[in-house]
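Read the structure below first, then the notes.
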Amino acid sequence: MLNKKVEDICNRQIEREGYSSNLYLAMASWAETNGFGGVAGWLYAQADEERIHMLKFIKYVNERGGKAVIPALKKPAEELKGVEELFKEVLKHEEFITASINEIVALSLEEKDFNTHNFLQWFVTEQVEEEASVRTILDKVRLLGKSNLYLFDRDIMALRTPASGEKATT
Ligand SMILES: [Fe+2]
Ligand SMILES: [Fe+2]
């Protein structure tokens, strides 16, 4: 059975993954209404993945005899300054999530909860991929510059690693 500290920090992560999904949905909606259909597609897919991450935590907590708490979610910003700024924010958010996952890893070791430690390894790997893929996107945006955003928007879906999210559902 999960101890209270581990249960609480996993519930904190349920909220954070849920917020990630909401954040990317809000960004997708902004992109969609500002002429960036490709960027919107990338973000909608990303939002789906984050929901799967939340579900993984919900199911894990319940499976281990804890009680998953379904959180109220903060409202993300509606207005964004531009595509580069958007992806800078995505990267910042993913770095925050990586740090958050690492805190759970540290606690699981401190509490000698090796099942949770094992469960978290998927997320540790996932965060490396998430950060790397957003850094690649940011490099491309900077390389192309503001005047070539049309090309960037057209090609962004090709930068998606079909990996993690899909695997998560199985
Ligand atoms: Fe996530
Ligand atoms: Fe993520």
Side-chain angles (χ1 to χ4, degrees), residues 2 6-32 36 38-64 66 68-78 80 83-108 113 115-141 152-153 156-170:
L2 278 184
V6 176
E7 182 180 351
D8 286 349
I9 205 169
C10 285
N11 272 316
R12 184 185 79 174
Q13 196 62 27
I14 289 171
E15 192 274 334
R16 288 179 175 177
E17 299 292 346
Y19 178 72
S20 303
S21 184
N22 247 25
L23 176 66
Y24 297 153
L25 264 186
M27 289 175 167
S29 184
W30 175 86
E32 193 163 52
F36 300 108
V39 171
W42 190 92
L43 287 159
Y44 279 126
Q46 202 62 24
D48 284 347
E49 281 196 11
E50 299 301 351
R51 185 167 188 281
I52 291 167
H53 298 171
M54 175 177 69
L55 283 171
K56 272 178 170 279
F57 269 98
I58 291 171
K59 289 183 177 160
Y60 178 73
V61 168
N62 289 340
E63 214 172 77
R64 293 283 316 280
V69 178
I70 309 305
L73 300 174
K74 281 177 291 175
K75 181 174 173 295
E78 284 170 48
L80 293 155
V83 170
E84 184 176 341
E85 290 78 3
L86 183 157
F87 282 107
K88 272 191 198 155
E89 216 186 295
V90 172
L91 180 59
K92 211 174 89 194
H93 184 71
E94 288 299 332
E95 286 169 347
F96 164 72
I97 294 294
T98 301
S100 181
I101 295 287
N102 288 344
E103 281 172 25
I104 315 177
V105 173
L107 183 74
S108 70
D113 182 344
N115 290 319
T116 299
H117 185 265
N118 183 50
F119 164 74
L120 291 167
Q121 296 316 300
W122 183 89
F123 286 90
V124 170
T125 310
E126 169 69 9
Q127 283 312 116
V128 173
E129 285 172 17
E130 295 258 86
E131 283 192 28
S133 102
V134 180
R135 283 199 186 94
T136 305
I137 287 173
L138 262 177
D139 286 346
K140 291 271 188 304
V141 174
F152 170 78
D153 188 64
I156 184 172
M157 282 310 262
L159 295 174
R160 263 191 82 75
T161 36
S164 40
E166 279 83 333
K167 267 188 273 164
T169 54
T170 57

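Start at 1 and go down the list; that is how both ligands and their atoms are numbered. A quick note: this is a predicted structure, and the numbers were derived from the prediction, not measured.
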| Taking everything shown except E78 itself, do over 12 heavy atoms lie less than 6.0 Å from its CD? | no

| Parallel, tilted or perpendicular, as decided by the 30° and 60° cut-offs, for the rings of Y60 and F119 | parallel

| note | ang(OE1 E17, the Fe ion (ligand 1), OE1 E50) rounded to 10° is 90°

| task | Would you kindly say whether E49 and Y24 are connected by a side-chain donor-acceptor distance under 3.5 Å? | result | no

| Is it true that K56 and E17 have a side-chain N and a carboxylate O under 4.0 angstrom from each other? | no

| request: State, to the nearest 10 degrees, the angle whose vertex is the Fe ion (ligand 2) and whose arms point to OE2 of E94 and OE2 of E130. | output: 110°

| field | H53: its N/O/S atom lying closest to the Fe ion (ligand 1) (atom name) | value | ND1

